[in-house]
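Right, one structure below, let's go through it.
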Amino acid sequence: MAILLGSIADDYTGASDLANTLTKNGLSTVQTVGIPAPSLALPDVDAVVVSLKIRSVAADEAVAAALKAEKWLRGRGAAHVLYKVCSTFDSTDQGNIGPVTEALSEAAGGGTVLVTPAFPETGRTVYLGHLFVNGQPLNESPLKDHPLNPMHDANLVRVMARQSRGAVGLVDFPTVMAGSDAVKARLDALNAEGVATAIADAVSESNLETLGEVAWQTSSSTGASGLGLGLARAIVRSGRASSSGAAADDAIRPVGGLAAIVAGSCSAATLRQIEVAERSMPVLRLDTERLLDGSDEIAAAIAWAGERIAAGPVIIAASAAPDVVSRLQAQYGREASGHAIEAATATIASELVARGVKRLVVAGGETSGATVDKLAIPAFLIGPEIAPGVPVLRTVGNEQGDMLMALKSGNFGGEDFFAAALAMMR
Ligand SMILES: Nc1ncnc2c1ncn2[C@@H]1O[C@H](COP(=O)(O)OP(=O)(O)OP(=O)(O)O)[C@@H](O)[C@H]1O
Ligand SMILES: O=C(O)[C@@H](O)C(=O)CO
């Protein structure tokens with residue numbers, strides 16, 4: 001069966017966030033890790049989210065990977081392709097949201113592309129082109145201290161313009177409130193002026209429904225889960241979705257085995273979640289200096305877990321407060337330290353899986369990407385939601401046998417996220 005909606009996600013947690021939103025809003029969805037091998041049997045679904053790991057890579061590399069995924073999705077019938085980016089627009093001035101959006105649009109014949117990271121359910125709203133995170137302008141929110149993509153400008157028209165070849169326009173709040181015909185007319189006007197992309201305001205789900213209605217009539221868009229919600233509802237309204245609710249329950253059939261949490265996110269939310277979890281489970285805070293200076297911190301972490309994990313879940317965390325992160329980055333470089341720590345947390349996770357962990361929670365997008373790649377998991381079925389943006393995932397085609405996982409975006413989840421996740425994973 002042909003798919004209706006295709007998506008390319010720039011990281012793996014973002015992909016599961018979007019897949020969760022599409023499922024909740026009536027589209028049967030599968031998340032693949034990269035472009036699946038032809039031998040992988042995928043269920044018949046309305047939507048496929050291809051997870052890539054391109055959020056922090058050079059723009060030309062991201063464009064090449066996204067175009068391959070686009071071709072694969074179109075080949076399976078996708079009428080619309082959504083480039084799923086972070087709801088906090090994580091990227092730098094050399095970032096790839098602009099280049100990938102333009103390349104996907106050109107591949108599909110052009111036209112002004114709607115772009116919005118708004119996701120009100122998790123506190124992300126866009127007003128007059130400015131992104132707010134839980135009511136704070138992006139550049140005043142904790143994202144100003146992000147280890148890889150510190151965000152210093154809340155004006156997304158400017159952020160996008162610095163990354164783009166073409167001009168960037170705005171579909172402002174009054175236009176969105178006036179409904180889908182007004183948005184369509186504004187896009188047509190921008191298109192006539194040769195504007196390549198347009199940031200669209202949205203502060204509510206009904207705004208996203210309006211934008212989804214218009215986006216569905218075009219061939220590509222860029223946004224976070226909120227735009228996914230709008231697209232899913234438009235597709236359901238069109239009567240074309242085949243959705244069945246059975247898949248989510250099937251996805252959480254118990255797998256048994258041991259349970260662990262690996263965290264590499266340094267977001268304020270994750271740091272608090274680790275603190276709260278420490279009251280009920282053992283936490284090892286990795287010594288990141290030792291991870292980077294070649295000491296055997298990985299083996300020590302695995303031995304530490306080995307002594308405790310039979311008695312219950314454990315947490316191993318690289319996560320640290322902004323001042324500690326900055327010190328390490330000053331010494332080893334931002335990218336080098338980030339990648340080395342991702343590699344270390346992924347190795348620790350895979351060693352734990354080799355020792356019987358079948359239920360695994362990973363915190364942080366880059367950290368999740370490195371871990372899922374290390375485990376060579378080809379795809380996921382989407383289970384029920386643990387917290388907004390984070391579903392339980394069941395591996396598909398995994399050589400180690402079925403596992404239950406949760407890939408938590410750094411900023412997502414309440415204080416008790418880790419206990420809540422494990423309670424749903426049996
Ligand atoms: N103590 C530390 N010092 C420096 N960098 C760290 C430390 N701990 C983790 N890191 C790095 O910080 C980065 C965190 O990025 P990651 O994407 O995993 O989390 P996040 O950005 O909070 O999540 P998301 O992308 O889902 O919002 C990773 O590259 C990780 O290796
Ligand atoms: O959109 C979000 O905020 C998340 O899905 C994400 O991409 C964080 O990595």
Side-chain angles (χ1 to χ4, degrees), residues 1-10 12 14-52 54 63-85 100-111 113-115 180 184 209 211-225 227-248 250-251 378-382 391 393 396-397:
M1 197 188 77
I3 60 173
L4 298 168
L5 177 68
S7 175
I8 300 161
D10 70 349
Y12 296 12
S16 64
D17 165 19
L18 175 66
N20 175 56
T21 298
L22 299 178
T23 306
K24 273 193 347 182
N25 287 283
L27 300 187
S28 56
T29 304
V30 74
Q31 173 183 352
T32 66
V33 180
I35 298 172
S39 57
L40 182 71
L42 289 176
D44 271 346
V45 283
D46 299 317
V48 174
V49 181
V50 176
S51 336
L52 299 181
I54 57 173
V63 166
L67 284 175
K68 269 196 204 145
E70 197 248 9
K71 196 161 172 216
W72 185 84
L73 288 164
R74 299 280 185 204
R76 264 125 212 99
H80 183 93
V81 172
L82 166 66
Y83 182 38
K84 161 67 179 69
V85 299
V100 171
T101 300
E102 290 181 339
L104 293 179
S105 168
E106 277 157 26
V113 182
L114 269 182
V115 179
S180 51
K184 174 93 179 43
E209 286 182 1
L211 296 177
E213 189 71 42
V214 178
W216 180 232
Q217 296 164 41
T218 66
S219 52
S220 65
S221 60
T222 292
S225 269
L227 190 54
L229 171 151
L231 281 161
R233 291 187 186 172
I235 295 169
V236 169
R237 273 198 305 277
S238 75
R240 293 183 63 194
S242 66
S243 157
S244 95
D250 190 45
F380 295 105
L381 287 178
I382 312 304
L393 301 172
V396 175

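Pairing each heavy atom of Ser220 with each of Ser105, the nearest pair is OG-CA, 3.7 Å. Across every non-hydrogen atom of Ala9 and Gly14, the tightest pair is CB-C, 4.4 Å. Considering all non-hydrogen atoms of both residues, Val100 and Ala66 come closest at CG1-CB, 3.7 Å. The minimum heavy-atom distance between Gln31 and Ser51, with the atom names listed, is NE2-OG, 3.1 Å. The two residues Gly26 and Asp46 have their closest heavy-atom pair at O-OD2, 4.0 Å. Residue Val214 comes nearest to Ser180 through the heavy atom pair CG2-O, 3.5 Å, listed as atom of the first residue, atom of the second, then distance.
Contact check for Glu213 versus Glu209: no side-chain heavy atoms found under the 4.5 Å cut-off. Using a 4.5 Å heavy-atom cutoff, the side chains of Leu104 and Ile8 are in contact. In this structure, the side chains of Pro43 and Leu381 come closer than 4.5 Å at one or more pairs of heavy atoms. For the pair Ser219/Arg74, a side-chain contact is recorded, criterion being any heavy-atom separation below 4.5 Å from C-beta on. For the pair Leu231/His80, a side-chain contact is recorded, criterion being any heavy-atom separation below 4.5 Å from C-beta on. Between Ile35 and Lys71 there is no side-chain heavy-atom pair separated by less than 4.5 Å. In this structure, Asn25 and Leu27 have side chains that are not in contact, with every pair of non-hydrogen atoms separated by 4.5 Å or more. Using a 4.5 Å cut-off on side-chain heavy atoms (C-beta onward), Pro378 and Val33 make no contact.
Here CD1 of Ile3 is found 9.5 Å from CG of Leu42. Values are rounded to the nearest 0.5 Å. The line from OG of Ser7 to CG of Leu73 is 8.0 Å long, rounded to the nearest 0.5 Å. Remark: Glu106 CD to Thr101 OG1 distance equals 11.0 Å, nearest 0.5 Å. Rounding to the nearest 0.5 Å gives a distance of 9.5 Å between OG1 of Thr222 and CG of Leu114. Rounded to the nearest 0.5 angstrom, Leu5 CG and Thr29 OG1 are separated by 8.0 Å.
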Walk me through it: do Ile382 and Leu393 pass the test side chain to side chain contact (heavy atoms under 4.5 Å, CB included)?
-> CA-CA 5 Å; Ile382 312 304; Leu393 301 172; 3.7 Å; yes
Stepwise, does the side chain to side chain contact (heavy atoms under 4.5 Å, CB included) test hold for Val113 with Tyr83?
-> CA-CA 11 Å; Val113 182; Tyr83 182 38; over 6 Å; no
Show your working on side chain to side chain contact (heavy atoms under 4.5 Å, CB included) between Ser242 and Asp44 and close with a plain yes or no.
-> CA-CA 9 Å; Ser242 66; Asp44 271 346; over 6 Å; no
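Take Arg240 and apply the side-chain contact (heavy atoms from CB on, under 4.5 Å) test, not counting sequence neighbours, and it matches Leu4, Trp216, Ser238.
Identified under the salt bridge (Lys or Arg N to Asp or Glu O under 4.0 Å) test for residues 19-41, with sequence neighbours left out: Lys24-Glu121, Lys24-Glu385.
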